[in-house]
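Have a look at the structure below before the remarks.
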Amino acid sequence: MPVGDDSFSLGKSGNRVLLALESRTPVVSEHLDSLDWFESTYDAEQMGKQLVSALRDPQAARKDVIDQRSIAHKIFNLGDIAESWSDVIEHAKPYRKTRGEYGLSVSTSKLLVCINNATDRPIAMAMVDQANRLDIEVGVVVTPEACHRNPRLIEDLISRRISPTFLQRTDIRRTDFRWLRNASALFCPSESSHPAHGLPHWLTKVANSAGVKTFTCQHGHRNICLTDPTDRHHSIASQTIFTWQDPDLLPSWVDEDVRRRCVATGRIYNHTRAENTDEILNDRPTIGIFENLHWKQYSNEFREAFVQNILALAENNSDLDFLVVPHPAGLWTIKHANTLEVPENLNFFNPTRSAGRFITGAELLPHFEKILTTPSTVAVDAAQVAVPVAVIVPNESDFEDYLPLQLLTEIEQIQGYISGHAKEEERRAREFLKAITLQDTDPVLCALRAIFPQHFVPTEHVSVMNERPTMGTA
């Protein structure tokens, strides 16, 4: 029985030891504070010896089980357990009803945050941390997809004393208000009728039916229903949509019903920097290359040209290292890298391997000299942490929303960017950010003010759900 260091494992491991003894099964365990009477060890090598001994001498192991069961029965006898329960019941505080009409909270403010995928995490944790600082109760719902690409996610939540609820795809077969966990507001970092957002979309519709306020936000530079001209036909169910910029500046094709629900906050995000990168980066100057080549809009010709340009770039710049960082869901280059002959100074970041499982690509950004990326929100991430960035595109005309960043199509342009002065790229990045998101605001605080206005001292102007002003001050 190896024992984890989180509260869930510590409690569950003790239960499993007792269940094994009750089933007359020998147990070899690491030390458990909750079972200080049980013979255990801190030493992994000693555990190995005990395991071998139990297998070689099953009679002695069974005798140990009988002795340990006898001790357990004395400590956990039914009389003592019944007495403990009686004491709990006698001194329990009266239950206070926290709901009026079913689904409508009459308790103090509670925010429920749904984390659906890898890119939701930095947005969600920014909201969770600020809500905690404001003494707003927070609950979290997570999906299997979120945990699969975020092995650190559960530990992050446990460290904040948050026990998440796990939502499976099979759970959406029925409408059950219990998923809302008595929340007065639901926030989904990404929510739409697109299949990738299916779970938060369903949860939002359940919350709408229950009378719970619902919120989502612009989570990418090209966002479904808001800024992505290639994906206009989906819908957003949330009552309020937090956008990076004034809703009046959204494209003309945006549905007026969607525009009416938008409130400008600036970009909600939590920028963090990876500290332990020894297994990923060395001391040489490194160029970060980010790709989302799995995207269906790209042609095979563009993918092939991208790969050949990157190989040529590494061969022509032996004084630099290059690290390719794939989209955490698509992993296109990871799937195709083993078919390539790559120079020694070109490496691939694999978020599924041990070295990358607890680091995200966004956390590596501050470590790079410059960034190259296919069209994606990475361009915004890099600009916001002040790292020079340029965009490799299939053609310039379809990606003018990334201007004034450099749009690169040929290897000569890419090489020119690598050799160019960083000061000019920094100026371009500042202009890019001014064009796409509010400046000098606290986006998270603006969002929470819109969700829970009662927690804030009234100011000259505070936006409410059905207004569409720019929230320019925190």
Side-chain angles (χ1 to χ4, degrees), residues 98-117 119-132 134 136-143 145-146 153 157 160 162-169 171-172 174-194 196-219 223-226 234-243 258 261-263 265 268 443-455 463-466:
T98 56
R99 283 192 180 275
E101 187 178 343
Y102 191 44
L104 291 176
S105 175
V106 294
S107 64
T108 56
S109 304
K110 179 176 180 179
L111 177 65
L112 181 63
V113 179
C114 177
I115 305 178
N116 177 58
N117 55 43
T119 53
D120 280 356
R121 178 176 166 267
I123 302 172
M125 299 312 289
M127 293 289 281
V128 166
D129 289 341
Q130 185 62 274
N132 282 333
L134 294 170
I136 296 171
E137 186 181 356
V138 179
V140 174
V141 173
V142 298
T143 66
E145 289 86 351
L153 174 60
L157 293 172
R160 291 164 170 81
I162 294 174
S163 179
T165 299
F166 289 85
L167 181 62
Q168 304 278 353
R169 289 197 176 274
D171 293 319
I172 68 175
R174 62 189 187 279
T175 298
D176 191 335
F177 291 140
R178 287 176 295 179
W179 286 112
L180 300 175
R181 294 182 56 174
N182 199 31
S184 53
L186 170 68
F187 174 72
C188 299
S190 58
E191 182 270 300
S192 76
S193 59
H194 190 284
H197 305 151
L199 284 173
H201 188 62
W202 168 84
L203 190 61
T204 298
K205 292 194 287 186
V206 171
N208 287 338
S209 299
V212 174
K213 296 187 295 183
T214 54
F215 302 82
T216 188
C217 70
Q218 181 181 348
H219 57 273
N223 200 108
I224 291 173
C225 298
L226 298 174
H234 289 290
S235 61
I236 295 175
S238 295
Q239 297 160 5
T240 302
I241 307 162
F242 299 129
T243 55
V258 171
R261 288 181 277 149
C262 292
V263 173
T265 59
I268 300 171
V444 180
L445 207 58
C446 288
L448 287 171
R449 177 181 291 159
I451 299 172
F452 299 114
Q454 67 273 24
H455 280 264
S463 294
V464 294
M465 277 178 49
N466 293 324

Just one of Thr165, Val128, Leu112 clears the side-chain contact (heavy atoms from CB on, under 4.5 Å) bar with Val140, so which one? Val128
Report the distance from atom SG of Cys262 to atom CD1 of Ile236, rounding to the nearest 0.5 Å. 7.0 Å
Closest approach of Ala237 to Arg261 (non-hydrogen atoms, all atoms of both residues): C-NH1, 4.0 Å
Is there a donor-acceptor pair closer than 3.5 Å between any side-chain N or O of Ser238 and the backbone N or O of Thr214? no
Counting N and O atoms only, with roles assigned by atom type, does the side chain of Thr243 sit under 3.5 Å from a partner on the main chain of Gln218, one being a donor and the other an acceptor? no
Side-chain ion pair, Glu137 and Arg181, N-O less than 4.0 Å: no
So that I know where these two stand, are His219 and His197 an aromatic pair - ring centroids less than 6.0 Å apart? yes
State the CG-CH2 distance between Asp171 and Trp179, to the nearest 0.5 angstrom. 4.0 Å
Do Leu448 and His455 come within less than 4.5 Å of each other through their side chains, counting heavy atoms only? no
Say you draw a straight line from CD of Gln130 to CG of Leu445; how long is it, rounded to the nearest 0.5 Å? 5.0 Å
Side-chain donor/acceptor of Glu191 to backbone N/O of Thr204, under 3.5 Å: no
Minimum-distance pair of heavy atoms, taken over all atoms of Ile451 and Lys213: O-NZ, 2.5 Å
If the test is side-chain contact (heavy atoms from CB on, under 4.5 Å), which one of Thr216, Val444, Ile268 qualifies with Ile123? Ile268
What residue among Asn116, Asp120, Ile115, Leu203 forms side-chain contact (heavy atoms from CB on, under 4.5 Å) with Thr143? Asn116
Note: Cys225 and Val258 closest approach over all heavy atoms is O-CG1, 4.0 Å
Looking only at heavy atoms, the pair that brings Val212 and Ala183 closest together is CG2-O, 3.5 Å
Just by distance, do the side chain of Arg160 and the backbone of Asp129 share a donor-acceptor pair under 3.5 Å? no
Shortest non-hydrogen separation from Pro200 to Ser190 and the atoms involved: CG-O, 3.3 Å
To the closest 0.5 Å, what do you measure between CG (Leu199) and CG (Leu167)? 5.0 Å
Looking at every heavy atom in both Phe242 and Phe187, which two are closest together, and how far apart are they? CD1-CE1, 4.1 Å
Cut-off 3.5 Å, side chains only: do Ser193 and His234 have a donor facing an acceptor? yes
Is the shortest side-chain heavy-atom distance between His201 and Cys188 below 4.5 Å? no
